[in-house]
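First up is the structure itself, then whatever we jot down about it.
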2 protein chains.
Amino acid sequence: MVASLVGDPARANMLTALMNGRALTASELAQEAGITPQTASSHLAKLEAGGLVEPEKQGRHRYYRLTDDDVAGVLEGLAGLAARTGHMRVRTGPKDPALRRARICYDHLAGDLGVQMLDSLRERNLVRQKKQDIELTAEGERFLAKHLQISPDMLAHPRRPVCKACLDWSERRHHLAGTLGAAMMQRFAELKWAARDATPGSRVVNFTRTGEKQFAALFGNGKD
Amino acid sequence: MVASLVGDPARANMLTALMNGRALTASELAQEAGITPQTASSHLAKLEAGGLVEPEKQGRHRYYRLTDDDVAGVLEGLAGLAARTGHMRVRTGPKDPALRRARICYDHLAGDLGVQMLDSLRERNLVRQKKQDIELTAEGERFLAKHLQISPDMLAHPRRPVCKACLDWSERRHHLAGTLGAAMMQRFAELKWAARDATPGSRVVNFTRTGEKQFAALFGNGKD
DNA sequence: ACGATGCTTCGGCTAACATCGAAGCATGAA
DNA sequence: TTCATGCTTCGATGTTAGCCGAAGCATCGT
């Protein structure tokens, strides 16, 4: 049955990651859902059998996308019902809470802190966001230069946007991706504010005590 | 999450039993699902917590009904997706053939007749359909004005499309939604061709004898 | 050819949850 | 009151399915 496919948290995470209409590879989806590639493979096979996603082979990658707009429509409907009861997902993937707090998404910061950072940037007009698209404002450029020593020319890249909104699977909100997102994460590492967990393959990002303080000073929302 | 609620077979059976809009007691639902009352009670509590059904106490019975038409709509969508992959649940009950024949989906006509109508419109170039999107042709506008006294300006709405394809759960095909779908259903009612079933909450649409004839004359496919 | 990368299959472990028997509350009827 | 009916709660059981490690293909890059 279709509903049971969507019912599983890991699969639901994958599907919502696909809701923007773009196709993602199996491993990207695994990351989005916070599970290993093996598990993701099993899930994707089921989703495919259920007609919810369609694969497209490209080299050694398999890109998955939602089958069509009917699927997207039904998913939206379900999300609508869920939102109505305030029954928004609390129960995320199987992994530890540290992963929810701060983690690497490709090469930029994700998790609670990642979302918080974008929120802060947006609130203070350092970036302007329209759906998926984010652009850096003049104030934003000054801010980056002053506090993080990041200059606009460091962010230029032929095939990658400077800013981009990336859907956060644990928070269900956007965090900052693109070359800027990557540059900021790299800067945090250089400043010894944070570092990827030592465990090989782990996506957890550990903040140092001073790093957490500095981060909160720049992007805090007063909650912690 | 809502989807996992619908995902369980026993709960899905209960929900489909409620799809006709009538309210059923807990024990009736248990029987529909083929489980004991204890188990049903647990399921119903979850469905209620998820906002899918609402209870109504009456004496020592508890009547359950679907919360509203939004829920019914989403369930239709899910059933539509399921039907598409051939993974149809057998449970759809020969109990209510009337529901399959003609019913209300939000505010427009669904079921066999709804699908038949859109087929006919498409075949005669009164509408043009591209996936989800449907647009009314010039001939279509003339047709509506002549036979149903529906003019284009009656269909304008700031936030709702005039035409839209809606997946039908009993047939595995599209029927016509949008303001046009609603307007046509309303017109059928005004012309006394059809009326919603008198049973409170029922979604069955009953056609009068003359109504059926007129409808067949306009949208018939020769099969009945 | 060789190794690296992306994805899949297999096997075993574990947690979640549907299920039912038995007992506990209600409500309605005698 | 006493009994019967409808439903719920509790406790125990068993199956399901998600999860990951290890190994197996396939494809790309050198």
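Protein chains get the first letters and strands the later ones, always in sequence-line order, with residue 1 at the start of each. Both backbone and side-chain heavy atoms feed into the values below; hydrogens, waters and symmetry mates do not.
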Using whole Å, what does the distance between atom P of nucleotide dG6(C) and atom CD of Gln31(A) come to? 10 Å
Donor-acceptor pair, side chain of Asp153(A) and main chain of Ala156(A), under 3.5 angstrom: no
To the nearest angstrom, the CZ-C1' distance between Arg62(A) and dT27(D) comes to 13 Å
Whole Å only: how far is the CZ atom of Arg11(B) from the C1' atom of dA16(C)? 12 Å
The criterion is salt bridge (Lys or Arg N to Asp or Glu O under 4.0 Å); which residues satisfy it with Glu123(A), sequence neighbours excluded? none
Checking Glu48(B) now: which residues fulfil salt bridge (Lys or Arg N to Asp or Glu O under 4.0 Å) with it, not counting sequence neighbours? Arg62(B)
Using whole Å, what does the distance between atom P of nucleotide dC19(D) and atom CG of Leu29(A) come to? 14 Å
Reading nucleotides 19-28 of chain C from 5' to 3' and marking B where a protein heavy atom lies under 4.0 Å of the base, S where only the sugar-phosphate is that close, and - otherwise, the string is SBBB----BS
Classify Tyr63(B) by what it touches in the nucleic acid, base, sugar-phosphate, or nothing, heavy-atom distance under 4.0 Å. nothing
Euclidean distance, atom CG of residue Leu5(A) to atom P of dT16(D) [Å, nearest integer]: 17 Å
Can you tell me the distance, in whole Å, between the CG atom of Asn13(B) and the P atom of dA18(C)? 14 Å
Nearest whole Å is fine: how far is dA18(C) C1' from Leu47(B) CG? 13 Å
In this structure, CZ of Phe219(A) is separated from CE of Met184(A) (nearest 0.5 Å) by 3.5 Å
How long is the line joining NE2 of His61(A) and C1' of dT8(C), in whole Å? 15 Å
Give the C-alpha distance, both sets of side-chain angles, the deciding distance and a yes or no for side chain to side chain contact (heavy atoms under 4.5 Å, CB included) between Leu47(B) and Arg11(B). CA-CA 8 Å; Leu47(B) 289 175; Arg11(B) 286 191 292 257; 3.8 Å; yes
Any donor and acceptor pair, going by atom type alone, linking the side chain of Thr137(A) with main-chain N or O of Leu126(A) inside 3.5 Å? yes
